[in-house]
Amino acid sequence: MVLNKLGKDIIALLYVVIFFLLYVAMEEYSFKLGPEPGVPVVSQAGNDAEQDEGEYNIFIDLTESMLYLFKGNKLVKKYPIAQGKPSTPSPIGVWEIVSKARNWGSGFGTRWMGLNVPWGTYGIHGTNRPESIGRRASAGCFRMRNRDVEELYDLVPYRTKVVVYGGPFGNLGSQLVRLEPGDRNSHVLEVQKRLKLLGYYQGSLDGIYGEGMKYALLKFKKEHGLPVNHYVDWATYKALGIIPFE
């Protein structure tokens, strides 16, 4: 029993360390470039009360379809989730809860907690398909069993930090994907950040591959001897210095 408890304590401590390191890594560009645009925060009296033992934070590990709830440096609870399908992946990055609602809509279960992802509507919510939990089955949101999301909803306030981890390579998750105009995802956001750091992109860091990014990418490719087209492929990632492994 003692060894079992010790093992659980070590695992909880490791997740605290991972949470901190991942938060720092994913926020690195934000510190350099300033705040990114997001969804306006919806306030509600009484929901921003100070926590007596530290703030709540949420860590979502897409590699194991699990949500971890921390209060300060203590692991409070963990819940299984469903995540986005390969064609509609969940947003990797550091977000905040900016809206909360009960019975938000058909198919969203009994609770909704919206995130400030700039390129679409994503949130943590319940489901009327509990059999999907543990699978890649959603349009990008994080599904929970209704009893679990109701418990989480009552615990976490607005502005709770939500770190979504998709693999060892920050916003790139576990692999590079080919990008083209119209794409909306974490990879686009990472390319925008790099183009802005290099002085090519002047638009919003919104994760949306639009006209401003097209212009910036074409200029970058011309000046670096790359094929002049609108695709972000392996050669483009490499030229930008975005390589997901050593």
Side-chain angles (χ1 to χ4, degrees), residues 19-20 22-51 54-62 67-71 79 81-84 88-105 108-109 111-127 138-144 149 152-166 170-173 182-194 196 201 203-210 212-213:
F19 185 96
F20 175 76
L22 187 63
Y23 176 80
V24 170
M26 286 184 169
E27 288 290 285
E28 178 181 355
Y29 285 120
S30 297
F31 295 147
K32 293 178 181 178
L33 300 174
E36 297 177 15
V39 180
V41 176
V42 180
S43 62
Q44 180 174 332
N47 278 324
D48 291 320
E50 292 184 1
Q51 304 299 321
E55 294 182 351
Y56 281 107
N57 289 289
I58 292 172
F59 177 80
I60 298 177
D61 189 343
L62 298 180
L67 182 153
Y68 295 85
L69 175 65
F70 289 88
K71 190 173 187 184
Y79 307 94
I81 62 161
Q83 60 176 285
T88 54
S90 295
I92 297 168
V94 180
W95 316 114
E96 289 183 350
I97 292 175
V98 293
S99 65
K100 297 177 72 176
R102 298 170 183 265
N103 301 309
W104 193 63
F108 292 92
R111 299 290 186 274
W112 164 268
M113 288 169 279
L115 305 177
N116 63 335
V117 179
W119 63 83
T121 303
Y122 297 88
I124 302 167
H125 63 80
T127 182
S138 78
C141 288
F142 307 100
R143 296 179 186 171
M144 300 177 67
V149 78
L152 184 65
Y153 183 96
D154 289 340
L155 287 172
V156 298
Y158 290 91
R159 306 306 295 268
T160 295
K161 195 75 70 178
V162 179
V163 175
V164 181
Y165 172 78
N171 278 2
L172 301 177
D183 283 345
R184 300 169 171 240
N185 54 45
S186 299
H187 284 69
V188 173
L189 179 61
E190 199 67 19
V191 171
Q192 288 176 337
K193 288 176 176 178
R194 189 57 60 97
K196 177 162 278 193
Y201 181 64
S204 299
L205 298 176
D206 55 9
I208 302 173
Y209 190 165
M213 181 171 157

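As a basis for the values below, the full set of heavy atoms in this structure was taken, side chains included, without hydrogen atoms, waters or symmetry mates. Along the sequence shown, the residues carry numbers beginning at 1.
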Taking ring-ring contact (aromatic ring centres under 6.0 Å, His included) as the test, write out the residues that go with Phe108, two or more places apart.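 Testing Phe108 for ring-ring contact (aromatic ring centres under 6.0 Å, His included), a comparison that skips the adjacent residues, returns Trp104, Trp112, His125.
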
Atom of [X], atom of [Y] and distance for their closest heavy-atom approach:
X	Y	result
Ser90	Cys141	OG-O, 3.9 Å
Val98	Leu115	CG2-C, 3.9 Å
Tyr68	Asp61	CE1-CB, 4.3 Å
Pro118	Trp95	CD-CZ3, 3.8 Å
Tyr122	Pro91	CD2-CD, 3.5 Å

Would you sort out whether Thr160 and Glu55 count as a side chain to side chain contact (heavy atoms under 4.5 Å, CB included), showing the intermediate values? CA-CA 8 Å; Thr160 295; Glu55 294 182 351; over 6 Å; no

Hey, what do you get for [atom1] ([X]) to [atom2] ([Y]), rounding to the nearest 0.5 Å?
X	Y	atom1	atom2	value
Ile60	Tyr165	CD1	OH	14.0 Å
Thr88	Arg184	OG1	CZ	14.0 Å
Asn171	Lys193	CG	NZ	5.0 Å
Ile97	Ile124	CD1	CD1	5.0 Å
Asp183	Ile208	CG	CD1	11.0 Å
Leu155	Tyr56	CG	OH	4.5 Å

Could you tell me if the side chain of Arg102 sits less than 4.5 Å from the side chain of Tyr153, heavy atoms only?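 Tyr153 reaches Arg102 side chain to side chain.
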
Would you say Val149 and Met113 make side-chain contact, with heavy atoms under 4.5 Å?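 Val149 reaches Met113 side chain to side chain.
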
Mind checking what makes side chain to side chain contact (heavy atoms under 4.5 Å, CB included) contact with Tyr201, not counting sequence neighbours?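 Listed in chain order: Gln192, Leu195, Lys196, Leu205, Asp206, Met213, Ala216.
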
Can you list everything that forms a side chain to side chain contact (heavy atoms under 4.5 Å, CB included) with Thr127? Sequence neighbours excluded, please.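 Thr127 satisfies side chain to side chain contact (heavy atoms under 4.5 Å, CB included) with Arg129, Ser132, Ile133, Arg143 once adjacent residues are dropped.
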
Testing Ile58, Leu67, Asn57 one by one against Val162 for a side chain to side chain contact (heavy atoms under 4.5 Å, CB included), which residue passes?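 When Ile58, Leu67, Asn57 are each tested with Val162, the side chain to side chain contact (heavy atoms under 4.5 Å, CB included) holds only for Ile58.
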
